[in-house]
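The figures that follow rest on heavy atoms only: side chains count, while hydrogens, waters and symmetry mates do not. In the text below, chain A, chain B and the rest are named by the order of the sequence lines, each starting its count at 1.
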Amino acid sequence: MTFDRAFFERSALDVGPSLLGAILTHHGVSVRITEVEAYIGDGVDPGSHAFRGRTRRNSSLYGPPGHLYAYFTYGMHTCANIVCAPEGTASGLLVRAGTVVDGIELARSRRLTSRTDDDLARGPARLTVALGIHLAEDGSDLNQPPFDLVVPSSQADYRTGPRTGISGPGGGAAYPWRFWIPGERSVSPYKKSPKVEQNPL
DNA sequence: CATTAGATCGTCT
DNA sequence: GACGATCTAATGA
């Protein structure tokens, strides 16, 4: 065990910044997390998969904190979330980007289209491929093999901005619920200098 | 570097 | 039946 369950029992908005710099490991590849997005549950967050309540797909988002929520999208991509908040509350952090710190050869072999090492885990779907995370692992405990997650002991320097890739009425991108470590080349290139707005919560 | 189009299918309405 | 919490290749400045 490399993290306390209590670490993820808080709101994703609080866990987000403190998770930056964490090391996520899966089947021979380790990544230092450099960018995440918070999604808070059920009815309050139009951008969340759980906005309209519990379904088969998003059910692990309601599960125990510190577990994996993996989903399939755009007909070809799998993305990974870390479940936050107490069990029963749908909240999570989409892991958007990271730097490969171990198993880089294996990561390269999984991401043959990647031209540079900076691109190996830049973007949520790419990161999932680099780590070799499969959709079938949805719901897995990140504190148990083949996963491992080491959370930082101190708060890293970070920035906030609007979430990316969210559309629809109500504008799920309205709030600065994206967190990243400045100066990291692995952060998503999209909307690099977003306007920072007030956090409504 | 910036913008754009196409790919592709599970999930929910 | 419509639409993604996206990525890549291609094109133009």
ask   = Just the endpoints, please: which first and last nucleotides of DNA chain B, 5' to 3', lie under 4.0 Å from a heavy atom of chain A?
value =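 The contacted stretch runs from dA7(B) to dT13(B).
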
inquiry  = Out of the candidates L24(A), I181(A), L127(A), only one should pair with I33(A) under the side-chain contact (heavy atoms from CB on, under 4.5 Å) rule; please name it.
reply    = L24(A)

query = Counting N and O atoms only, with roles assigned by atom type, does the side chain of R126(A) sit under 3.5 Å from a partner on the main chain of R122(A), one being a donor and the other an acceptor?
reply =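 Yes, because the side chain of R126(A) sits within donor-acceptor range (under 3.5 Å) of the backbone of R122(A).
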
Atom-to-atom span, [atom1] of [X] to [atom2] of [N] - whole angstrom:
X       : N       : atom1 : atom2 : answer
L127(A) : dA5(C)  : CG    : C1'   : 14 Å
L112(A) : dC7(C)  : CG    : C1'   : 15 Å
D119(A) : dA9(C)  : CG    : C1'   : 13 Å
R115(A) : dA10(C) : CZ    : P     : 12 Å
R163(A) : dG4(C)  : CZ    : P     : 14 Å
E35(A)  : dT6(C)  : CD    : C1'   : 13 Å

query = Do any of residues 56-77 of chain A sit with a heavy atom less than 4.0 Å from DNA chain B, and if so which?
reply = R57(A), F72(A), Y74(A), G75(A), M76(A)

request  = Would you please confirm or rule out a distance under 4.0 Å between OP1 or OP2 of dC7(C) and any side-chain N or O of R111(A)?
outcome  =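 Result: no.
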
message = Check E37(A) with R96(A), please: is the shortest side-chain N to carboxylate O separation under 4.0 Å?
response =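 Yes, this pair counts.
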
ask   = Should R32(A) and E184(A) count as an ion pair when the cut-off is N to O under 4.0 Å?
value =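 Looking at R32(A) and E184(A), the cut-off is met.
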
Minimum side-chain heavy-atom gap [X]-[Y] below 4.5 Å:
X       : Y       : answer
L120(A) : I104(A) : yes
I133(A) : F147(A) : yes
D141(A) : R5(A)   : yes

ask   = Want to know the stems of DNA chain B: at least 3 consecutive Watson-Crick or G-U pairs with distances under 3.5 Å, which are they?
value = B:1-7 with C:6-12, B:9-12 with C:1-4

inquiry  = Looking only at the side chains, is there a donor atom on one of Y71(A) and N81(A) sitting less than 3.5 Å from an acceptor on the other?
reply    =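 The answer is no; no qualifying pair exists.
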
Parallel, tilted or perpendicular: ring planes of W177(A) versus Y175(A), cut at 30 and 60 degrees =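 Answer is tilted, since the angle falls between 30° and 60°.
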
inquiry  = Counting neighbours of CZ on R54(A) that are heavy atoms of other residues, nucleotides or ligands and sit closer than 6.0 Å, is the number greater than 12?
reply    = yes

query = Taking the six-membered ring of Y39(A), is the NZ or CZ of R163(A) close enough (under 6.0 Å from the centre) and on axis enough (within 45°)?
reply =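 Verdict for Y39(A): a cation-pi partner in R163(A).
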
ask   = Nearest to the side chain of A125(A) - dA5(C), dT8(C), dT6(C)?
value = dT6(C)

